[in-house]
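Below you'll find the structure, written out as structure tokens, and then a few comments.
All values below come from the heavy atoms of this structure, side chains included, with hydrogens, waters and symmetry mates left out.
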Amino acid sequence: MRDEDTKKLLDACKGKTFPQLRDEAIIRLYYNTGAGLSEIGNLLLDDVDLNTESVHYHGKGAKDRWVRFGPKTARAISRYLRARGKHKGSELPDLWLADRGGPRLAANGIKIRLKRLGLAAGVANVHAHRWRHNSAHEWKRAVGTPAT
């Protein structure tokens, strides 16, 4: 996922409505952390620590990890959490809530949202794994290949 494509997606969810704030926070987490769809889709409120700007992911095979994110992502999550507190379903432990309240927004719902945002932004083939690939590529460029 190119930076320009991520910017287009973020522009498509600019605003102050609940879905816009939520979608921006989700996109920034994917972009900043390179997490998988289910890692972000299954987050609980307790998994986010704004004091340390980090998130606790529960990956496949019971692999847990804490990952730091940047200040723009922290700001987006903070704004979402304020809106979430006033939203129907705010008592649920799940981080992501559906547009109309009630059930949580699960990984499949996030997948659908990303596709719709991609269409609205004119970005083809939007899915969470593209940010994961980008993150791995950037890490490899910065750190290099381990010596054999």
Side-chain angles (χ1 to χ4, degrees), residues 1-139 142:
M1 179 77 72
R2 296 183 334 226
D3 289 346
E4 304 85 51
D5 291 337
T6 299
K7 183 176 178 351
K8 287 179 186 177
L9 291 168
L10 289 170
D11 287 344
C13 55
K14 262 193 180 152
K16 297 188 191 272
T17 68
F18 179 80
Q20 290 168 324
L21 294 171
R22 181 202 57 214
D23 294 348
E24 179 186 356
I26 289 171
I27 289 169
R28 287 194 181 280
L29 265 179
Y30 279 121
Y31 177 71
N32 237 203
T33 66
L37 178 65
S38 63
E39 286 178 311
I40 287 182
N42 294 327
L43 284 173
L44 302 175
L45 283 169
D46 292 341
D47 291 328
V48 176
D49 185 344
L50 289 174
N51 292 323
T52 60
E53 294 184 348
S54 62
V55 63
H56 183 208
Y57 288 130
H58 309 278
K60 292 180 183 176
K63 292 181 182 172
D64 287 4
R65 61 192 173 110
W66 280 94
V67 179
R68 301 227 12 181
F69 49 78
K72 288 182 180 179
T73 301
R75 200 166 31 256
I77 292 171
S78 179
R79 288 180 21 214
Y80 165 69
L81 289 175
R82 281 194 301 276
R84 186 192 181 285
K86 302 171 195 165
H87 196 67
K88 183 179 176 189
S90 63
E91 71 284 352
L92 293 172
D94 306 285
L95 180 60
W96 311 116
L97 299 179
D99 292 7
R100 295 186 184 110
R104 70 187 183 103
L105 181 68
N108 194 53
I110 291 173
K111 185 178 178 180
I112 292 167
R113 287 295 306 148
L114 291 175
K115 283 187 186 242
R116 288 181 181 161
L117 283 169
L119 289 172
V123 179
N125 200 23
V126 174
H127 55 87
H129 213 73
R130 287 184 64 194
W131 283 291
R132 193 168 180 86
H133 282 286
N134 190 61
S135 181
H137 175 74
E138 291 299 319
W139 179 84

> Looking only at heavy atoms, which two atoms of Ser90 and Gly85 are closest? And how far apart?
Replying inline: OG-O, 3.6 Å

> Given side chains that start at C-beta, do those of Asn42 and His58 come closer than 4.5 Å, heavy atoms only?
Replying inline: no

>> How long is the straight-line distance from CD1 of Ile27 back to SG of Cys13, given to the nearest 0.5 Å?
In response: 4.0 Å

> Between Thr73 and Thr33, does a side chain to side chain contact (heavy atoms under 4.5 Å, CB included) hold up when you go through it step by step?
Replying inline: CA-CA 10 Å; Thr73 301; Thr33 66; over 6 Å; no

> So how far is it from Lys72 NZ to Glu53 CD, rounded to the nearest 0.5 Å?
Replying inline: 13.0 Å

> Under a 4.0 Å N-O cut-off, is there an ion pair linking Asp11 with Lys14?
Replying inline: yes

>> Pair Val126, Asp5 - check side chain to side chain contact (heavy atoms under 4.5 Å, CB included), show working.
In response: CA-CA 9 Å; Val126 174; Asp5 291 337; over 6 Å; no

>> Any heavy-atom pair between the side chains of Leu117 and Glu24 that's under 4.5 Å?
In response: no

> Got a second to check how far Glu4's CD is from Lys7's NZ, nearest 0.5 Å?
Replying inline: 10.5 Å

Using residues 95-110 as the side-chain source, report each donor-acceptor pair under 3.5 Å to any protein atom, sequence neighbours left out, with the distance given to one decimal.
from, atom 1, to, atom 2, distance (Å)
Trp96, NE1, Ile40, O, 2.8
Asp99, OD1, Arg22, NH1, 2.6
Asp99, OD1, Arg22, NH2, 2.8
Arg104, NH1, Gly41, O, 3.2

>> Could you walk me through whether Tyr31 and Leu10 satisfy the side chain to side chain contact (heavy atoms under 4.5 Å, CB included) test, starting with their C-alpha distance in whole Å, then the side-chain angles of each, then the deciding distance to 0.1 Å, before giving a yes or no?
In response: CA-CA 11 Å; Tyr31 177 71; Leu10 289 170; over 6 Å; no

> Taking the six-membered ring for Trp, are Tyr80 and Phe18 parallel (under 30°), tilted (30 to 60°) or perpendicular (over 60°)?
Replying inline: tilted

>> Between Leu81 and Arg84, is there a side-chain heavy-atom distance shorter than 4.5 Å?
In response: yes

>> Val67 vs Glu39, test: side chain to side chain contact (heavy atoms under 4.5 Å, CB included). Steps then yes/no.
In response: CA-CA 11 Å; Val67 179; Glu39 286 178 311; over 6 Å; no

>> If I take atom CZ from residue Arg75 and atom CG from residue Leu50, how far apart are they, to the nearest 0.5 angstrom?
In response: 12.0 Å

>> More than 12 heavy atoms of other residues, nucleotides or ligands under 6.0 Å from CG of Asn125: yes or no?
In response: yes

> Side chains of Leu29 and Leu43: does their closest heavy-atom pair fall under 4.5 Å?
Replying inline: yes

> So, the side chain of Asn32 versus the backbone of Gly70: is there a donor-acceptor pair under 3.5 Å, distance only?
Replying inline: yes

> Roughly how far apart are Ile26 CD1 and Arg113 CZ, rounded to 0.5 Å?
Replying inline: 8.5 Å

>> Suppose we screen for ring pair (Phe, Tyr, Trp, His ring centres under 6.0 Å). Which residues come up paired with Phe69, at least two apart in sequence or across chains?
In response: none

> Within the distance-only criterion (no hydrogens, no angle test), does the side chain of Asp47 pair as donor or acceptor with the backbone N or O of Leu44 below 3.5 angstrom?
Replying inline: yes

